[in-house]
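In the text below, chain A, chain B and the rest are named by the order of the sequence lines, each starting its count at 1.
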Amino acid sequence: VVTYTTLIDGLGKAGKLEEAVSLLREMEKQGCEPSVVTYSSLMASFARRDQLEESLSFYDEMIRKGCIPDVATYSLVINCLCRSNDVEKALEAFGRMKEESWEPSLGIYKTLLDALVRDEKIHLALQIFHELEGSSLVPDTFVYNVVVNGLVKSNRVDEACKMVDSMKSRNISPDLITYSSLLDGLGKAGRLEEAFSVFTKMSEEGCEPDVVAYTSLMDVLGKGGKINHALTIFRTMTKKNIAPDAVTYSSLLDSLGKEGRVKEAQEIKRIRFLANQENP
RNA sequence: UAGAUUGGAGC
């Protein structure tokens with residue numbers, strides 16, 4: 001079994017999926033029962049190449065054959081289901097693994113929380129997050145970021161701010177992504193002053209704003225009628241040698257267009273053209 | 001078998 005599994009794993013990692021599957025059939029024909037590792041390895045190989053349904057089909061197959069899934073298998077199943085936007089089934093699998101007394105990993109929580117946020121199920125996400133807090137796992141910046149982003153996307157910016165406070169009090173450092181989410185949320189809620197103060201504070205705390213943070217700030221300023229301020233930020237960004245990207249231009253041009261600022265829009269387009277010339 | 005998952009615009 002181990003020999004076959006090792007070979008199947010090797011084939012799968014090399015992207016030779018059909019060959020891996022034929023070897024599985026071959027080992028069965030030889031009366032060799034594939035193990036949970038064999039199936040999980042195949043699932044991982046298919047998932048790696050975005051063949052989610054195929055990956056899940058091996059899960060079904062192992063269950064049919066009475067093979068018991070382990071944590072790694074569940075992790076793969078939940079990943080696949082979340083990536084196919086089937087959060088309900090992912091939650092079911094999550095419930096099943098807990099019933100079977102498997103300890104979900106932090107990675108599983110991250111995947112599941114993110115999927116819930118994308119599916120606009122913030123309530124469930126918070127519930128799962130609570131569960132995580134009650135477990136022996138230690139949440140990291142990444143998990144907090146997922147939840148902060150979820151709160152922001154559901155227009156619950158105050159709770160997002162509280163979440164950031166609570167991570168600090170637990171000595172989990174907010175990072176560039178945490179602050180960018182928060183800045184974006186505050187800005188989209190029309191709280192421009194606070195958004196700007198997050199922007200200032202982040203550099204003070206050693207998180208230098210990147211192109212995403214700058215763009216986000218400019219975007220909310222532009223949409224909030226502070227287009228001149230947005231243009232100032234654009235210049236600051238250039239001075240700091242942070243290259244605007246396609247999203248930066250698109251956001252700025254959109255705001256300028258809506259305000260009828262044709263001259264400035266032309267100027268920005270010229271800058272974009274020149275930048276594209278230099279950096280094709 | 002250890003993968004996958006977090007922030008910005010328009011459409």
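In this structure, A:L42 places its CG atom 12 Å from P of B:A2, rounding to the nearest Å. Distance CZ (A:R49) to P (B:U1): 19 Å, rounded to an integer number of Å. Separating the NZ atom of A:K13 from the P atom of B:A4 is a distance of 11 Å, rounded to the nearest angstrom. Atom CG of A:L7 and atom C1' of B:U1 are 14 Å apart (whole Å). Put simply, CG on A:D9 is 10 Å from C1' on B:A2, counting in whole angstrom units. Rounded to whole Å, atom P of B:A2 lies 12 Å from atom CG of A:D70.
Residues in residues 6-50 of chain A take part in these ring-ring contact (aromatic ring centres under 6.0 Å, His included) pairs, two or more places apart or across chains: A:F46-A:F58. The ring-ring contact (aromatic ring centres under 6.0 Å, His included) contacts involving residues 230-280 of chain A comprise nothing, where partners must be two or more places apart or lie in separate chains.
Backbone-only engagement by A:A44 is indicated by non-hydrogen atom pairs under 4.0 Å involving sugar-phosphate atoms exclusively.
The pair A:K223-A:E259 fails the salt-bridge criterion, with no side-chain N (NZ, NE, NH1 or NH2) lying under 4.0 Å from an Asp/Glu carboxylate O.
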Reading nucleotides 6-11 of chain B 5' to 3', which nucleotides get B (base under 4.0 Å from a protein heavy atom), which S (sugar-phosphate only), which -?
BBBBS-
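In summary, the aromatic rings of A:Y74 and A:F94 are positioned with their centroids too far apart to meet the 6.0 Å limit.
Residue A:K162 qualifies as open at atom NZ: its count of foreign heavy atoms under 6.0 Å is 12 or below.
If you check the side chains of A:R64 and A:Y59, you find no donor sitting under 3.5 Å from an acceptor.
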